[in-house]
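Here the structure is laid out as structure tokens; the discussion comes afterwards.
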Amino acid sequence: MKFDILTLFPEMIESHLNYSILNRAENAGIIDVNTINPRDFTLDKHKKVDNPPFGGGAGMVLMPQPYVDAYESIEKLENSITVMLSPQGEPLNEKLVLDLAKYSQIIMLCGHYEGFDERIREIIKPREISLGDFVLTGGELPALCVIDAVSRKLEGTLGKTESAKDDSFADGLLEYPQYTKPREYRGLKVPEVLLNGNHKEINEFRQSERIKRTKLRRPDLL
Ligand SMILES: C[S@@+](CC[C@H](N)C(=O)[O-])C[C@H]1O[C@@H](n2cnc3c(N)ncnc32)[C@H](O)[C@@H]1O
């Protein structure tokens with residue numbers, strides 16, 4: 001899976017990929033993450049990529065030329081999708097993550113400041129994706145969330161011991177509670193059923209905990 005990220009702050013993306021599972025996935029060639037900085041494409045002699053909004057108002061708006069030129073410089077693979085990170089987009093969820101994981105290239109546009117000049121949307125026609133009903137300072141964290149969530153769905157990203165099959169949302173329910181050593185901590189004991197080695201009983205316990213937990217915390221999922 002190729003990720004091409006348009007960002008004014010490439011280090012924010014690159015530094016995150018130096019760790020843990022995503023780093024391993026990149027080294028194994030499962031994902032390939034590139035950054036493209038629109039500032040490298042601006043024709044402005046002061047290297048500007050933003051300007052105050054026409055009509056007045058606070059903040060700076062990202063100008064179309066550097067973003068459109070940077071976008072058009074990217075080689076598009078056959079099975080490619082373009083995503084704009086935006087609080088006005090459709091909310092990211094498990095279904096959308098699975099949908100994105102079917103592509104071989106995801107190009108993402110990260111905004112900053114007051115966001116994008118509307119013509120960037122009109123020309124590029126991206127799928128707009130939001131991390132939720134709140135506003136962040138930039139699109140880099142949401143882009144990293146997309147990279148992370150989609151990468152977990154790709155064959156080989158998770159090791160054998162890190163299977164996603166029981167994870168929350170994988171089949172619509174939240175995950176069961178997890179325990180590890182020690183068997184007792186501050187008077188709180190691990191449920192006996194998890195210690196008896198009876199896999200049928202363990203599975204039944206976990207399934208009933210998943211339903212109980214989902215009913216309690218996220219009845220909308222049922
Ligand atoms: C401060 S925000 C701009 C918000 C814009 N003025 C609005 O009210 O819709 C700057 C950038 O951060 C990113 N961003 C902020 N909140 C986001 C969210 N909830 N989901 C995805 N991206 C977000 C977008 O790329 C956006 O262009």
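Numbering of ligands and ligand atoms starts at 1, following listing order.
Residues Arg121 and Glu118 are paired through a salt bridge, judged by an N-O separation under 4.0 Å between the basic side chain and the carboxylate. Ionic pairing of Glu209 and Arg206 is not present here: no N-O contact between side-chain nitrogen and carboxylate oxygen is shorter than 4.0 angstrom.
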What side-chain donor-acceptor pairs closer than 3.5 Å can you find for residues 54-70, not counting sequence neighbours?
from: Gln65; atom 1: OE1; to: Leu43; atom 2: N; distance (Å): 3.1
from: Gln65; atom 1: NE2; to: Phe41; atom 2: O; distance (Å): 2.9
from: Gln65; atom 1: NE2; to: Asp69; atom 2: OD2; distance (Å): 2.9

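In terms of the side chain to side chain contact (heavy atoms under 4.5 Å, CB included) criterion, residue partners of Arg183 (sequence neighbours excluded) are, by chain and number, Leu195. A search for salt bridge (charged side-chain N to carboxylate O under 4.0 Å, His left out) contacts involving Arg210 returns Asp171, not counting sequence neighbours.
Contact residues of ligand 1 (protein heavy atom closer than 4.0 angstrom to a ligand atom; sorted by chain and number): Leu85, Ser86, Pro87, Gln88, Gly111, His112, Tyr113, Glu114, Gly115, Phe116, Ile129, Ser130, Leu131, Gly132, Phe134, Val135, Leu136, Thr137, Gly138, Gly139, Pro142.
Between the side chain of Asp167 and the backbone N or O of Ala170 there is no donor-acceptor pair closer than 3.5 Å.
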